[in-house]
Amino acid sequence: MTTSAAEGDPETTGAPAGAGSDPYAGGPRNRDKILMLGATLARMGVGLVTFVVLARFLGPAPYGIFASAIAYTGLVSIVTDFGLSVATLRRAAMAPDNAARIVRDALALKTLLALLIAPIGAAILLSVADASLLPAYALAYVGVTAYAMGDLALIVMRAHRRFDVEAKLVVATSVLLMAGVAGVAAATRDITAAAIAFAVTRLLYLGIILFVIRRDLATPPPAAPARARLGETFHTAKGFAADSILTTLSSQIDVLLFAAVLSAHDIGIYQAGARLVQMIMPFAMVLSTVYMPTLSLAFGRADAAGFRRSARRLDVEFVMLAVAGGLGFAFVGPLVTPLIYGPAYGELVPLWRGFGAFVMLRFASAAFGIQLAAMGRVGPRIAAQLVAIATFAGASAWLLPSHGVKASAWLLALSGVPLILVLGGALLRRRGATVFVSRATVIAGTAITFAAAALVWAI
């Protein structure tokens with residue numbers, strides 16, 4: 001079995017069941033889900049308003065350039081994540097008394113990696129693209145990195161089950177993020193001005209978070225030198241690094257490949273739909289944030305009944321979201337496209353069925369991936385991402401030149417098929433050996449998801 005680095009970390013193992021420092025005793029709470037849902041809706045609102053206004057006021061071609069900049073810089077920034085988001089959450093939740101030090105060291109490592117990667121990314125961009133694109137890409141990188149660091153800092157609150165603090169912070173800063181970018185784009189209709197607003201507002205987001213939670217991050221550091229602490233953080237995160245990189249790559253590879261074949265206009269059409277679809281993906285993070293620490297503790301303590309109970313609830317909730325979200329995009333998307341984007345985006349209407357099928361397959365597979373991560377089984381997650389990327393790349397090379405943007409959404413949906421099959425299969429094998437989770441939930445969830453996706457295909 002592939003194990004995560006956290007499983008061997010003395011800080012996160014050996015805690016007695018029922019210890020007073022265990023804030024996750026009793027399993028996931030619905031209140032936590034509601035709080036995280038509020039934060040997620042705020043994040044979705046920020047993204048939705050930002051990208052709709054950018055698409056509306058910049059136009060398809062400039063919007064396609066800026067959306068591609070965010071996609072490419074997001075790909076570069078995953079190297080700076082290095083699995084820290086998952087590894088830090090697991091370690092901090094398992095050792096809440098050490099959460100401040102764990103999160104502080106993670107922020108320090110992420111900052112160092114971001115500074116090291118930035119000039120490399122700039123050199124690559126200048127070697128393959130016009131230098132005039134560098135300001136937009138640099139500003140997008142600053143914004144993406146700052147926002148990710150703000151979310152990483154909030155792990156210290158999650159470790160103590162203070163989801164209320166995160167919800168208040170995210171909701172309160174949403175107005176700033178939306179008004180800043182949307183207002184500048186509407187007033188200037190200029191891509192550079194919009195990129196500056198994107199970077200500045202995300203830096204303010206990070207600054208506000210650090211200011212508010214400064215007391216929670218103020219625990220005196222240990223006697224170990226900074227280099228040793230960074231090395232320890234690097235070591236504990238590396239087990240999830242490849243998984244993190246592949247997960248983000250699979251979520252961005254559509255833009256990376258399509259940009260090489262489609263025109264800027266077609267990329268703008270596709271991204272107008274894809275960005276709306278991505279707005280619901282943080283719902284997976286809601287359930288992951290609430291469930292994974294509980295699942296990790298149950299697995300580490302060999303509490304099969306507790307793990308099975310939480311995992312069953314997770315499977316059911318994800319399948320419900322998958323079917324509801326997928327059908328919503330398939331049937332409602334065509335109706336709201338002219339209202340949101342205007343007549344210039346009429347080519348987006350036939351793409352919504354493919355986007356709906358993708359949502360179904362991606363959400364259902366996410367439930368399986370969360371449980372594997374809680375078990376420390378990174379290997380199947382990596383294998384699933386590799387197969388999904390290879391499937392998508394091969395199908396795109398075959399179909400995209402002849403079918404163009406019309407095939408784009410269905411190619412995206414196709415990439416979800418190996419995810420659900422590989423991850424579900426890995427869980428079935430694991431559960432059969434250790435009686436951790438009911439096989440029925442995996443089989444039923446997979447069957448329902450495929451049936452709903454087939455319905456969308458057939459209509």
Side-chain angles (χ1 to χ4, degrees), residues 54 62 64-88 103-153 177 180-181 184 190-207 209-210 225-238 240-260 264 267 389:
L54 287 174
I65 293 173
F66 189 60
S68 297
I70 293 177
Y72 278 105
T73 55
L75 178 63
V76 173
S77 72
I78 65 174
V79 179
T80 69
D81 179 75
F82 200 72
L84 288 169
S85 56
V86 178
T88 304
V103 172
R104 250 195 347 265
D105 291 345
L107 287 169
L109 179 59
K110 185 174 181 67
T111 300
L112 176 62
L113 291 173
L115 293 174
L116 292 174
I117 292 298
I120 299 175
I124 294 174
L125 174 65
L126 291 174
S127 68
V128 299
D130 192 276
S132 63
L133 296 178
L134 184 59
Y137 275 73
L139 291 165
Y141 179 69
V142 170
V144 168
T145 303
Y147 197 85
M149 290 185 69
D151 287 345
L152 182 62
L177 297 177
V181 179
V184 171
D190 178 72
I191 186 174
T192 302
I196 292 173
F198 181 85
V200 170
T201 53
R202 270 93 190 138
L203 285 170
L204 288 173
Y205 172 78
L206 171 60
I209 287 175
L210 293 177
R227 181 180 298 179
R229 298 202 310 272
L230 286 178
E232 177 191 1
T233 302
F234 183 90
H235 175 74
T236 56
K238 68 181 181 181
F240 284 96
D243 175 55
S244 175
I245 292 173
L246 288 172
T247 298
T248 306
L249 175 61
S250 67
S251 69
Q252 301 288 349
I253 193 172
D254 54 337
V255 177
L256 304 180
L257 292 181
F258 292 168
I267 286 291
I389 291 171

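Small disclaimer: the values here were computed from a predicted structure and weren't measured. Count residues from 1 along the sequence.
Distance CG/Leu84 to CG/Leu107: 9.0 Å, rounded to 0.5 Å. Of the inter-residue distances, the one linking Leu116 atom CG with Thr111 atom OG1 reads 11.0 Å to the nearest 0.5 angstrom. Taking OG1 of Thr88 as the reference point, atom CG of Asp105 lies at 9.0 Å (rounded to 0.5 Å). Here the CD1 atom belonging to Ile209 is positioned 7.5 Å from the OH atom belonging to Tyr147, to the nearest 0.5 angstrom. Taken from CD1 in Ile117 to CG in Leu112, the straight-line distance is 10.0 Å, to the nearest 0.5 Å.
A donor-acceptor pair is defined here as one N or O able to donate and one able to accept, closer than 3.5 Å; no such pair exists between the side chain of Thr145 and the backbone of Val142. Although no hydrogens or angles enter the test, the distance criterion places no donor-acceptor pair under 3.5 Å between the side chain of Tyr205 and the main chain of Gly143.
In plain terms, the two heavy atoms of Ala153 and Leu210 that are nearest each other are CB-CD2, 4.0 Å. The shortest non-hydrogen separation linking Thr201 to Ala197 is OG1-O, 2.8 Å. Contact between Thr192 and Leu139 at its shortest, heavy atoms only, is O-CD1, 4.2 Å.
Residues Arg202 and Val144 fail the side-chain proximity criterion, which asks for heavy atoms closer than 4.5 Å. Considering only heavy atoms from C-beta on, Val184 stays 4.5 Å or farther from Ile196 through its side chain.
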